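For clarity, every value in this text was computed on a predicted model and none was experimentally measured.
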Protein chains: 2
Amino acid sequence: MLGEFEQIVLLALIRLADDAYGMTVRREIAERIGRDVSIGAVYATLDRLEKKGLLKSRTGDPTPERGGRAKRIFVITATGKKALQGAQAAFDRMREGVKLG
Amino acid sequence: MLGEFEQIVLLALIRLADDAYGMTVRREIAERIGRDVSIGAVYATLDRLEKKGLLKSRTGDPTPERGGRAKRIFVITATGKKALQGAQAAFDRMREGVKLG
DNA sequence: TCATATCTTCTACTATGTAGAATATGCCAG
DNA sequence: CTGGCATATTCTACATAGTAGAAGATATGA
């Protein structure tokens, strides 16, 4: 089972495509849904998802033009997409026909 | 922030209307999304949500016709609905335009 | 070579989610 | 009127997910 934040992180990876790494994932979540999550939370989740095989990571460009440490780029795997699909389908079934407000 | 399971439980309450208590909440989740959760997990979540004011509970009918212990009936509060709405809106914004499969 | 910017790791902790045994309570058969 | 059965909730103990922010790594450019 995927937790809520795990789903959000996976969605961020898809959104960001090639440019998904710790800092951008965090920024994307903040901008999209106004949830200011700590950078530690992002990496913890990312690591967990990688351990489960739902995403994979590689070290980015070894000679970047900007300053600072090398990025660690994250990409969702096929398994990850399937898990995301499953979780959302379940959720949608639960929401079906429920009216709020 | 509402966790995923918390949202599922709140949705179950809305679905079940007057007939929402521990056992039916559990059954509803199992039937809807095939997630066989333990009864302890259901009550733990229910208690937590009540503490946060997102639902309230009362002891059901003191003279029930069937056998067994009295039910504890759960109803979502206005605050609970608002929280649910918020969580789902955030989620939808994150999902916006993302295609899986 | 050091101040600065960018990014990841680490440490410690709180909250959520999970399981199943224990307990409470009412009906009904005998 | 009591023991067996069915229905429900509570309790105990633990695993996983989520959180925060300090510390560490590494590249640029003055």
Side-chain angles (χ1 to χ4, degrees), chain A residues 1-10 12 16 19-30 33 35-52 54-74 83-84 87 90-91 94, chain B residues 1-12 16 19-30 33 35-55 57-74 83 87 90-91 94:
Chain A
M1 276 298 145
L2 284 176
E4 194 209 13
F5 191 58
E6 291 181 324
Q7 292 181 50
I8 289 175
V9 166
L10 286 178
L16 293 164
D19 195 40
Y21 58 99
M23 311 304 279
T24 52
V25 167
R26 180 196 196 189
R27 196 181 318 138
E28 175 73 15
I29 293 172
I33 65 178
R35 185 165 164 182
D36 278 321
V37 70
S38 85
I39 190 63
V42 173
Y43 281 107
T45 303
L46 249 10
D47 285 342
R48 238 176 264 141
L49 290 172
E50 182 163 36
K51 208 167 291 174
K52 295 196 216 165
L54 305 186
L55 61 81
K56 56 193 162 81
S57 72
R58 62 186 169 79
T59 300
D61 231 337
T63 7
E65 45 301 275
R66 88 202 177 299
R69 187 168 175 172
K71 299 167 181 173
R72 192 172 145 212
I73 305 289
F74 296 88
L84 193 49
F91 215 79
M94 204 69 206
Chain B
M1 276 298 146
L2 282 178
E4 196 210 12
F5 191 58
E6 292 181 322
Q7 291 181 50
I8 288 175
V9 166
L10 286 179
L11 285 169
L16 292 165
D19 196 41
Y21 58 100
M23 311 303 281
T24 51
V25 167
R26 182 198 195 187
R27 196 181 318 139
E28 175 72 15
I29 293 172
I33 64 178
R35 185 164 165 185
D36 276 321
V37 71
S38 84
I39 190 63
V42 173
Y43 282 107
T45 304
L46 248 11
D47 285 343
R48 240 174 261 141
L49 291 173
E50 182 164 35
K51 209 168 288 176
K52 295 197 216 164
L54 305 186
L55 61 81
S57 71
R58 61 184 171 81
T59 300
D61 231 336
T63 8
E65 44 301 272
R66 85 196 182 304
R69 188 170 176 170
K71 298 166 180 171
R72 192 171 145 213
I73 305 291
F74 297 87
F91 218 80
M94 205 68 205

Looking at [options], which one has an atom nearest to any side-chain atom of [X]?
| X | options | result |
| --- | --- | --- |
| A:Y21 | C:dT18, C:dG20, C:dC7 | C:dC7 |
| A:E6 | C:dT16, C:dT18, D:dA17 | D:dA17 |
| A:S38 | D:dT19, D:dA8, D:dA17 | D:dT19 |
| A:R69 | D:dA8, D:dT10, C:dT9 | C:dT9 |
| A:T45 | C:dA21, D:dG18, C:dT9 | D:dG18 |

Could you check whether B:G22 gets within reach of a base, just the sugar-phosphate, or nothing at all, counting any heavy atom under 4.0 Å?
sugar-phosphate
Under 4.0 angstrom, heavy atoms only, what part of the nucleic acid is B:K51 near: base, sugar-phosphate, or nothing?
nothing
Separation of [X] atom [atom1] from [N] atom [atom2], in whole Å?
| X | N | atom1 | atom2 | answer |
| --- | --- | --- | --- | --- |
| A:F5 | D:dG18 | CZ | P | 7 Å |
| B:R48 | D:dA17 | CZ | P | 14 Å |
| B:I39 | D:dT7 | CD1 | C1' | 11 Å |
| A:D47 | D:dG18 | CG | C1' | 13 Å |
| B:L10 | C:dG17 | CG | P | 11 Å |
| A:I33 | D:dG18 | CD1 | P | 12 Å |
| A:E50 | C:dT9 | CD | C1' | 14 Å |
| B:K52 | C:dT16 | NZ | C1' | 8 Å |

Counting distance only, does the side-chain N/O of [X] pair as donor-acceptor with the main-chain N or O of [Y] below 3.5 Å?
| X | Y | result |
| --- | --- | --- |
| B:E28 | B:L16 | no |
| A:E50 | A:S57 | yes |
| A:R35 | A:I29 | no |

Once hydrogens and angles are ignored, does a donor-acceptor distance under 3.5 Å link the base of C:dG17 to the side chain of B:R35?
no
Between A:R72 and A:D47, is there a salt bridge with N-O shorter than 4.0 Å?
yes
Which heavy atom of A:G60 sits nearest to which heavy atom of A:I73, and what is that distance?
CA-CG1, 4.0 Å
So, is A:R72 near the phosphate of C:dT9, with a side-chain N or O under 4.0 Å from OP1 or OP2?
yes
At less than 4.0 Å, is any side-chain N or O atom of B:K71 found next to OP1 or OP2 of C:dG26? Yes or no.
no
